[in-house]
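Below: the structure, in structure tokens.
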Amino acid sequence: MFLITCPFCGEREQSEFKAGGEAHIERPKQPTELSDDEWAEYLFMRKNIKGVQFERWNHAHGCRKWFNMIRDTSNDTIKAVYKMGEKPPVK
Amino acid sequence: MLKNLRVTTSKYIDKTSRVSFKFNGKAYFGYKGDTLASALLANDVHLVGRSFKYHRPRGIMTSGSEEPNAIVQVNNNTALTEPNVRATELEIYHGLEATSQNCWPSVNFDIGGINNFLSPLLPAGFYYKTFMWPANFWEKYEYVIRHSAGLGKSPTEPDPDIYDHKYIHCDVLVIGAGISGIMAAKTAAKNNLKTLLLDEKNEIGGSTIFQNSKHVKINDQNSSTWLENEIKELRNIENLEIKTRTSVAAYHGYNYLLARENLTDHLPKNEKNKKIRQRLLKIRAKKVIVATGSLERPLVFNNNDRPGIMLSSAVKKYADYYGVATGQKNIFFTNNDTAYESAISLNKKGIKVEAIIDIREQSNTAFTKEAEDLGIKVYRSYTVVNTEGYKKINKITIMELSSNGQSFANQEKIELDCDCLAITGGWTPAVHLFTQSGGKLKFREKDQVFIPDLYPSDQISIGSSNGDFELDDIIKNSTKSLKEFLNIKETEFDNLEINCPKDKEIRNIWLLPSDKVLGKTKPFVDYQNDATAKDIKLALREGFKSIEHVKRYTTTGMGTDQGKLGNMHALGIIADTAGIKVGELGTTTFRPPYTPLTFGTMVGRNVGEYFDAFRRTPMNDWHIENKAEFENVGQWKRAWYYPKKDETMHDAVQRESKAARYSAGILDASTLGKIDIQGTDSSEFLNRVYTNAWSKLAIGKCRYGLMLNEDGMVYDDGVTTRLDENHYIMTTTTGGAANVLSKLEDYLQTEWPELDVYLSSVTDHYATASVCGPNSKKILNKIIPDLDLSDESFPHMSFKNAKIDNIKCRVMRISFTGEHSYEINVQANFGKSIWEKCMDAGQEFKITPYGTETMHLLRAEKGFIIVGQDTDGTMTPIDLQMDWIVSKKKYDFIGKRSLYRSDTMKEDRKQLVGLITDNPSEVLEEGAQIVANTNATPVAMLGHVTSSYYSPNLNKSIALAVVRGGKNMMGQKLIIAMENKNINVTIVDPVFFDKENVRLNA
Amino acid sequence: MKNRYSIFSLIKNAFSYHENWQKAWKDPTPKKEYDAVIIGGGGHGLATAYYLAKKHNMTNIAVVEKGWIGGGNTGRNTTIIRSNYLWDASAGLYDHALKLWEGLSQEINYNVMFSQRGVMNLAHNLQDIRDLKRRTHANRLNGIDAVYLSTEEVKKFCPIINTSPNIRYPVLGGTLQRRAGTARHDAVAWGYARGADEMGVDIIQNCEVKGIKRNGDEVEGIETTKGFIKTKKVGVVAAGHSSVLANMAGLRLPLESKPLQALVSEPVKPIIDTVVMSNAVHAYVSQSDKGELVIGAGTDDYISYSQKGSHDIVEGTLNAILELYPIFSRMRMLRQWGGIVDICPDASPIISKTNVKGLYFNCGWGTGGFKATPGSGDLFAHTIANDEPHKLNAAFNLNRFISGDLVDEHGAAAVAH
Amino acid sequence: MLNYKTSIKGDVTYSDLEIKEIKPIMKLIIRGKTKDFITAIGKNLNMILPIEANTSTAGEALTALWLSPDEWMLILNKTISEETNTYEVEDNLIKDISKTKLGAITDVSDQFVMLNIKGSKVFDLFATGSPFNFNEFKNKKGSVIQTILSHIDVIIHLTEINNVNLFVRRSFSEHLHSWLNDSASRL
């Protein structure tokens, strides 16, 4: 069970959060312009990184805010959290 | 002959408090403070159980949680029974009944013992090589195998005991209250840190507390005396909580630990009642200090498993702590000095020590000298090659070792009589929790131990769990580590004067040589699972090289003791056989829990009514009072139907449906999700999340919306009402409410942060009563006389604010049944009252409450879908023949792009259609498959029935279904292929009733 | 030629104190070049190698394994085998596997202890009933044995289930596939390894793949910790780590790797002689031959390769176990562990060519790969040998994520009305 | 008249613990992101919204609980009549905030049940089912958190030492109330 620092509420137990997968996959602004291949890239294809990954989390049972997290998926170490729209802190 | 072997007094045994108990049906007594093991030993009972595979007689080997052999069934044949309880951990209480397990008819005469003679045919992995013929016989072989395997018996009745959970957040957690743990806890707490000290035993102090050697001193005091004073002080420190009988089970990441606190297992039966039996502590510690001590290693030699063969430290503890002599003719067998220390202690209590067999060529410390001075015969450079005595050891054979330790100096055999053989092979740090936390070990060649190396979180290991075995090392190194770890300058242990014998040596021979060929011997490595050194060698011979392979092939370390005693020997024997170093081999993974954890403890109070939350509507009490049957919908309890006396569900639903169509019905729709949407971009937001257009919806109007996933599949639906220019209220399905809100928030916060929109759940704020039927208008008129209900003022798909008795409410004229109907939304605490008011007002029209089943039937007559029943995550709106709701004009909405993929555009996808049966009274089974031709194998399936009812309003069976290419198959005949028959059906339009929607405005 | 395993060989070897058994598989150093290399020495990878050698005469092949064979999900799963899948494509795939299971011990001369003790799936709400009936009908028409059971029949088949109508989510019915059951997971890997080894396949352990070398759109070989191995065909069967290997070849896959946990109780005498699964109150349980209750938990929602999951998941599973089997409250958990499962968006696997010639992927089995082991190996071998899928795995291609032709085994969405 | 009826069937007292429903209480969710919004609220209510996470501010008539950077719960300090659900505060806020497009005002009076729990064992009670670390919270009067208790979402507001108001969604409240009592009876 992780101990996660919500950028708004502070340190909380993992049970208050939901994970939302890889971060910084922007929804295409003009989906109709995309080929089936390109749309599938957005929809399904994931880096699924073993190592340092940028991902989204939601403080579902707290402030309900989404935020980003940098976490090493090989050992579950959380490196940083930052708000949506913010640049990832340089690691 | 029954002997009492309680030879000395002990301050930990309360001799004034006799405790009677039964073992294998026979009455015994012990004292308060005894474990079942110490009490049995005091009564000269050594034979306690039978081993897993060969059913060999086994006795008590240890004095703690590492016990592999002495496991018993407690309270057999009662609801309180428990299998596989370690006699060494179980504190006796009045009324305790324990029995041996894995034996039949009795532990003294066990038919299964025949396996011992068949053992040449049962080497490691024998079952992989046989039982394959005839091919269909495996289940018969398996039946026999299963019945001879297993240990104790599962309870067969529900558990009457109560369990609980407790979250604890502390600055420092200290695991293990031996001398180093006590020093750590005291230091932390005195430095203003909120500290928790846990120990699995009933008393704290570890093994130092019964240390009595004159050679071991702290500040010139006996170390046990010194520690007793420390413990006295400890009890008065603020910030420090001490929990005994508490075993840390698991050490997870981020210093999250689980511990089991045992609260009543040691109490007499009449005192256990209604108290919490065990509590799971969920501990989040800023810092963790692991002081879990070390486990004594046995020695691996032929027949090293007989009752009466015990760990040397256990023999000492039974004598020093419990005051019990484990034998009257004791022999020690050792590779280190601790056996001498134990032998001296026994000797001083008048317990006879016949000899010490030492595999070392020499040793010269204060202990060895004292032992020899006391006249104990020492055989140096000797090893035990065999033991005798079926149910208890009575003789050993020893031989002199050659200098390399792998063979013998000569062929001379010496036989020695004994009734207890105390063995020690050195010590293994208890690094289980450390490695569970992700810690990495390193191997110390000198004494062949794995010790902590890299810490994955804020923690340290101290004491013998860190590989410090001597008192001076323990105190000095622990003090130093604590200062660094807690960032403090000094501790009260900085200047202790410590005396203890030096220059101790150990000689490690993982598998001691035998005078027989290995194949004829039984040198056990894993006692419980009967894995021997020759099994390990067989595995290696067969190509199983990895330690994990060996472990799995031989089952070494897979018993209930998780191989706490034998794992190191397994590694050592593998390393020796393969000619590599133990350190290069690595360890096997230690998996949680450290000691087995009761399911009840894991679950706590999350059983029975607290297994999962119940959600109830404001009208729930009324439904109960009116004998509704309930249906689980997610966590909600929804009224399903309201049977009158003797009515079946079918009868009730037919009655309810007719009432709703021909007079008036009322439904509790409070469970539907309701999301309050405000902000200047609310219309744009709805445009993006629903498939249809919202900008032009007039204030006061309602509209049905369909929401897709980004993959184009229908996700949720519901009616959304425009309350004001920038204010909407959205309804969702009952089951989808939470997910829809979460998904919408996700889009708002991450994809469209520029939109000025706020979402708030108001699901629980409103109670919703839906009144439908031709008389609904009249009923509404009675309740809200001042509301203009004319079609002009209040048409279908519109809403009005209203007041009922000074209470504000919202009334929507929307319909899921096809009837003229109203949804009254009122603040929840008035919900039941509104409902009753509707019932009163509707009495003259025989207003009939209806449940979800009738609601389903009525909407099916109208061809309205239920998301999750008529859709399954693979249906697009086009598949549902709801093209009308998919805006062609809108540039984008969630899921739009996916509708234009090559497969989602195919004409022959499954599409929603209606079905009628040739025989109008035959109701189809929901889930039944639809085919065109039943002759082929496999039968090609075209789709399935999603909803099916007998319609009282149409007097025939109707169904909704999805059928491949169905929308172009109107009027075609198909077959419902049931197990015993085929049912002929015709594809029809899914709207069965009132296609022109006349009734909406009736 | 290896000596065959039988009761006779066991007796014979007993006389020589079992000193003369041969190695089950050799421990070769890798050759410079192979006709094909399988990455991943789990059940699926070893089965692939076995069938490549046996059915397609490709014996100059190797299986490379990062650790020890069978040490990934093969050795970590709850060993349930069944084929009662809803969609035709899945039913075809898993029943092909089940048929192979039925003769596997004899075929590979290694007792994998396939025990057809039946698998029961429970229904706890009305939508569960619809879904299970739908599946049962589909199974029957696809020639897969499946029956729908009433609550009373559920109770009769497995008397220890709490079928009281007064529990939070009462058992409303269930399905039973009698041919389904369990097998000994380790034995599957070992048996296939022994079989493949006998036909000349090199099984190379402790050999981690560090790179997949491409020459344009073709595979050239793999970089490993034991050196470069040249080959024109690479089959990746590295459950959990599929994306990592795909990244080495410059590909992305529609996968997320998540923790999946399981646990066993202490062993007890036989108490449950079938496999019971429940989706609604998420728990499944069976009892091993050794007597341990084998309990499967769910996946966490975050990506992780740490082989550890959250305690909440395990706790939730045991809550469900005690809801359905209150008699197990005093039983004790002996071991818990985690694996890494890679999950496709449609919860169906990928057994497919890629757009790199000679590079094949077998992945995305999610929580249910063990049951498919023989079938997966057979079909993947076919795909690699012929550079074309077999008709049974044609639907499980990578293109489905582009065209939208998913094999969506998520089944019904959330209950909603 | 319509009858006002909450979901809680009765209050129970234990030796070191008292669990009591407070009703009827007006509760509003107020949402907004801009400075103008904060200013307008301040003027309208004559109190400042708490900006710091996990805190609250209290005026004479009202208390505002921080829920997220753009979300607060506003509660009346006194109970109101059971015979109306019209609140002057709400009407004024709608006029000054919603109508001026500064933010959103949503009535959630019955969305949440408010339980007052006080006594020396309050936090022992929570420790049986909430993973939240109350060590600092319990000494900081006015603290507010949203967390989980027995798997159910709750908002907890520390009004005095060993005295909290707990807010739980109405549909869960009967269940949670029963769970709290069961737990309290074993402390």
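Chain A is the first sequence line, chain B the second, and so forth, proteins listed ahead of strands; every chain is numbered from 1. Just so you know, these numbers use all the heavy atoms, side chains as well, and skip hydrogens, waters and symmetry mates. All figures in this text were calculated on a predicted structure; none of them were measured in a lab.
- Proximity to chain B (any heavy atom under 4.5 Å) is restricted, for C/Q205, to the side chain, taken from C-beta onward.
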Checklist entry - So B/R552 and C/W68, side chain to side chain contact (heavy atoms under 4.5 Å, CB included) or not? Walk me through it. => result CA-CA 12 Å; B/R552 284 158 181 262; C/W68 37 281; 3.7 Å; yes
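- With a 4.5 Å cut-off on non-hydrogen atoms, B/K534 does not touch chain C at all.
- Interface remark: B/S546 contributes side-chain atoms only to the contact with chain C (heavy atom separation under 4.5 Å).
- Highest contact tally toward chain B, considering only C/I7, C/N162, C/L126, is held by C/L126 [criterion: heavy-atom pairs under 4.5 Å].
- With a 4.5 angstrom heavy-atom cutoff, C/I69 touches chain B via backbone and side-chain atoms both.
- B/N632 and C/R168 share a side-chain donor-acceptor pair at under 3.5 Å.
- Taking the ring-ring contact (aromatic ring centres under 6.0 Å, His included) definition, one finds that B/Y143 meets it with B/H147, sequence neighbours left out.
- Heavy-atom distances place the side chain of B/E139, and not its backbone, under 4.5 Å from chain C.
- C/E266 and B/T560 form no side-chain donor-acceptor contact under 3.5 Å, judged by distance and modelled atom types alone.
- For the residue pair C/R184/B/Y128, the side-chain donor-acceptor check at 3.5 Å is satisfied.
- For C/I272, the part lying under 4.5 angstrom from a heavy atom of chain B is the backbone only.
- Only the backbone of B/T946 has a heavy atom closer than 4.5 Å to any heavy atom of chain C.
- Heavy atoms of C/E292 lying under 4.5 Å from chain B belong exclusively to its side chain.
- Counting only N and O atoms by type, the side chains of C/K269 and B/N102 include a donor and acceptor under 3.5 Å apart.
- Between the C/R335 side chain and the B/P596 main chain, no donor and acceptor come within less than 3.5 Å of each other.
- The parts of B/F614 that come within reach of chain C are both its backbone and its side chain, each placing non-hydrogen atoms under 4.5 angstrom from that chain.
- Of the atoms belonging to C/D289, heavy atoms from both backbone and side chain fall under 4.5 Å from chain B.
- Ring centroid separation for the pair C/W25 and B/F544 comes in under the 6.0 Å cut-off.
- Neither the backbone nor the side chain of C/I160 comes within less than 4.5 Å of any heavy atom of chain B.
- Screening B/E979, B/H944, B/E925 against C/H137 for a side-chain hydrogen bond (donor to acceptor under 3.5 Å, both in side chains) leaves a single residue, B/E925.
- There is no contact between B/D717 and chain C, counting heavy-atom distances below 4.5 Å.
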Item to check | side chain to side chain contact (heavy atoms under 4.5 Å, CB included) evaluation trace for C/I11 with B/L121 | outcome: CA-CA 6 Å; C/I11 294 168; B/L121 290 177; 3.7 Å; yes
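- At a 4.5 Å heavy-atom cutoff, the contact between B/F52 and chain C is made by side-chain atoms alone.
- Both the backbone and the side chain of B/M558 come within less than 4.5 Å of a heavy atom in chain C.
- Under the side-chain hydrogen bond (donor to acceptor under 3.5 Å, both in side chains) rule, B/D872 has a single partner from C/Q127, C/R130, C/R134, which is C/R134.
- One finds no salt bridge joining B/K537 and C/E19 here, because no Lys/Arg side-chain nitrogen approaches an Asp/Glu carboxylate oxygen to under 4.0 Å.
- Between C/F114 and B/W138, the distance from one ring center to the other does not fall under 6.0 angstrom.
- With a threshold of 4.5 angstrom between heavy atoms, C/D186 approaches chain B through side-chain atoms but not through N, CA, C or O.
- Donor-acceptor pairing under 3.5 Å is lacking for the side chains of C/N111 and B/Y127.
- Annotation for C/E315 and B/L280: closest pair OE1-CD2, 4.5 Å, computed over non-hydrogen atoms.
- Between chain C and the residues B/N136, B/L518, B/T598, B/N529, the most heavy-atom pairs under 4.5 angstrom are made by B/T598.
- Heavy-atom distances place both the backbone and the side chain of B/M978 under 4.5 Å from chain C.
- A donor-acceptor pair under 3.5 Å links the side-chain atoms of C/R140 to the main chain of B/A977, judged by distance alone.
- If you measure heavy-atom distances from C/L132 to chain B, you find no contacts under 4.5 Å at all.
- Both the backbone and the side chain of C/A320 come within contact range of chain B, each with at least one heavy atom under 4.5 Å from a heavy atom of that chain.
- The part of B/V517 that comes within reach of chain C is its side chain, from C-beta onward, which places non-hydrogen atoms under 4.5 angstrom from that chain.
- Cation-pi check for C/R332 over B/F599 is not met; the charged atom does not lie both under 6.0 angstrom from the ring centroid and within 45 degrees of its normal.
- The side chain to side chain contact (heavy atoms under 4.5 Å, CB included) with C/R330 is formed by just one residue from the set B/T81, B/V85, B/L80, B/T601; it is B/L80.
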